[in-house]
Amino acid sequence: MGEVIVVTSGKGGVGKTTTVANIGAGLAGLGHKVCLVDADIGLRNLDVVLGLENRIVYDITDVTAENCRLKQALIRDKRFNELLLLPAAQTKDKTAVSPEEMIKLCNELKEEFEFVIIDCPAGIELGFKNAVAGAESSIVLTTPEVSAVRDADRIIGLLEASEIFSPQLIINRLRPKMVRAGDMMGIEDIIDILAVDLLGVIPEDDQIVVTTNKGEPVVRDPRSMSGQAFRNTVKRLKGEEIPYMDLDESGFLTRLRKIFNRK
Amino acid sequence: MLDFLAKIFNKDSSSSSNVAKERLQLVLVHDRSSISPELLQVLKTELIEVITNYMEIEEESLEVNLDNKDEQVALVANIPVKKMKRMNKSLSGS
Ligand SMILES: Nc1ncnc2c1ncn2[C@@H]1O[C@H](COP(=O)(O)OP(=O)(O)OP(=O)(O)O)[C@@H](O)[C@H]1O
Ligand SMILES: [Mg+2]
């Protein structure tokens with residue numbers, strides 16, 4: 001029996017879809033059976049981030065309305081053994097699916113997959129309620145900004161109200177240089193405020209934009225900083241203890257290391 | 001120069017990240033202080049239990065609320081006392 005994890009943030013645009021795609025691809029790359037569910041009905045995105053947009057026939061609302069069987073709606077990502085996507089509907093709205101239908105759907109999926117990861121829409125309305133209905137654990141995403149952290153705090157409260165306890169936090173778009181200069185909240189500041197467990201820290205990285213342009217998750221890019229950060233995050237999600245890497249390329253320690261490594 | 005050093009060691013309390021953290025902590029006190037009616041009722045019942053050990057109160061007109069004022073959140077209780085009990089027990093309790 002698999003685990004159903006919802007990725008959520010409250011505030012929009014902080015990187016939920018990017019994170020779902022990369023954690024999914026990362027887990028599948030390690031040989032796990034993974035199904036990604038795009039619960040952002042009306043604003044389908046996960047398909048393009050994964051580069052699967054041309055292969056969609058059915059979507060989540062076809063499954064819940066029983067226009068097709070669940071298996072027919074799942075799109076297999078051929079780059080991996082077992083990474084499948086259940087796409088959102090693009091021309092319907094959030095009311096096309098109910099929390100009860102989501103629970104049923106998630107129960108069916110976790111029979112089949114080790115990890116079922118749900119991409120939650122922004123906000124706290126029905127879309128959020130649908131996305132969390134069938135989940136038993138959660139990843140909360142924030143960026144180091146006042147508004148995003150505030151919304152994350154609200155979401156943590158709402159998750160608790162839905163009996164999803166101890167969420168794991170990912171801090172996205174961290175800019176180490178700004179943190180060092182005292183112009184951005186750091187990891188400790190955010191953990192201190194939200195008082196939750198940290199799962200990962202993803203730096204701001206142009207390579208995310210480049211790989212997303214191509215529909216190729218950055219977690220598969222061996223050289224980029226954010227790719228490494230996502231690989232570490234995936235291992236932590238599996239329960240491994242992975243130390244946090246030094247994200248600051250121009251930081252004193254990294255510079256020193258570079259000097260000594262140079263022959 | 002000192003400012004510069006302070007920035008390096010991240011101790012400058014006026015740095016924008018510290019301002020951000022302080023503002024967040026404050027705003028979250030308010031955000032988190034919305035207490036559900038059920039929880040408030042439980043709190044009231046338990047308060048009454050404790051207080052009646054010491055005095056007789058008008059339970060019906062007991063008021064308990066969380067008060068938001070710009071910099072602080074306070075638990076404000078208005079508890080009309082009818083009668084004080086005679087304290088037979090010594091304060092040390094034993
Ligand atoms: N670490 C990062 N570095 C650079 N760009 C990033 C990073 N994370 C996300 N982005 C970019 O930010 C944008 C928003 O990301 P994404 O779509 O994943 O957010 P979202 O939370 O799913 O948004 P929505 O709330 O609209 O669903 C995208 O263009 C993405 O490429
Ligand atoms: Mg999204």
Side-chain angles (χ1 to χ4, degrees), chain A residues 9-11 14 123-124 140 142-163 167 169 171-196 201 203-204 246-248 250-256, chain B residues 1-51 59 62-79:
Chain A
S9 66
K11 187 168 154 60
V14 299
I124 56 175
V140 171
T142 187
T143 58
E145 286 162 310
V146 177
S147 55
V149 176
R150 181 191 196 179
D151 291 357
D153 189 78
R154 178 106 166 86
I155 282 293
I156 291 166
L158 291 174
L159 285 168
E160 277 174 14
S162 317
E163 309 206 329
L169 185 74
I171 301 170
N172 188 24
R173 310 196 78 149
L174 190 86
R175 293 158 75 171
K177 262 188 222 161
M178 287 191 73
V179 174
R180 190 156 41 89
D183 281 325
M184 182 178 264
M185 281 186 286
I187 302 167
E188 292 80 13
D189 295 328
I190 298 170
I191 294 295
D192 191 25
I193 286 170
L194 293 177
V196 287
V201 180
E204 172 79 29
D246 182 7
L247 295 170
D248 194 352
S250 57
F252 179 67
L253 280 174
T254 317
R255 270 205 321 256
L256 206 67
Chain B
M1 181 63 198
L2 262 179
D3 205 39
F4 172 73
L5 276 179
K7 264 199 163 179
I8 286 183
F9 294 108
N10 232 338
K11 287 276 155 62
D12 184 1
S13 62
S14 69
S15 75
S16 79
S17 66
N18 277 321
V19 174
K21 189 176 179 185
E22 276 162 26
R23 287 177 59 220
L24 248 174
Q25 279 168 330
L26 211 64
V27 78
L28 287 186
V29 171
H30 289 249
D31 286 1
R32 290 172 183 172
S33 69
S34 59
I35 182 170
S36 73
E38 298 86 52
L39 205 62
L40 203 62
Q41 196 50 54
V42 175
L43 178 69
K44 269 189 195 173
T45 321
E46 288 184 11
L47 264 180
I48 292 172
E49 238 170 73
V50 173
I51 295 168
E59 293 186 16
L62 173 112
E63 267 178 49
V64 180
N65 274 307
L66 274 180
D67 225 28
N68 274 318
K69 288 221 181 78
D70 31 47
E71 297 277 298
Q72 271 181 337
V73 176
L75 180 69
V76 182
N78 193 343
I79 310 168

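All figures in this text were calculated on a predicted structure; none of them were measured in a lab. Protein chains get the first letters and strands the later ones, always in sequence-line order, with residue 1 at the start of each. Both backbone and side-chain heavy atoms feed into the values below; hydrogens, waters and symmetry mates do not.
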| Electrostatic pair A/E204-A/R173, nearest N-O below 4.0 angstrom | yes

| query | Should we count CZ of B/R23 as having more than 12 external heavy atoms under 6.0 Å? | reply | no

| Engaged part of A/D153 at the chain B interface, taking heavy atoms whose separation is under 4.5 Å | side chain

| field | Heavy-atom side-chain contact between A/M185 and B/N18 under 4.5 Å | value | no

| query | For the side chain of A/D189 and the backbone of A/G186, is there at least one donor-acceptor N/O pair under 3.5 Å apart? | reply | yes

| query | Is there side-chain contact between A/N172 and A/T142, with at least one heavy-atom pair below 4.5 Å? | reply | no

| message | Taking 4.5 Å as the heavy-atom cut-off, does anything in residues 145-152 of chain A contact chain B, and if so which residues? | response | A/V146, A/V149, A/R150

| field | Derivation of the side-chain hydrogen bond (donor to acceptor under 3.5 Å, both in side chains) call for B/S17 and A/D183 | value | CA-CA 5 Å; B/S17 66; A/D183 281 325; over 6 Å; no

| message | Let's test your reading of the structure: which of B/L28, B/V19, B/V27 forms the most heavy-atom pairs below 4.5 Å with chain A? | response | B/L28

| task | Determine whether B/L43 and B/L75 make a side-chain contact, defined as any pair of heavy atoms from C-beta on separated by less than 4.5 Å. | result | yes

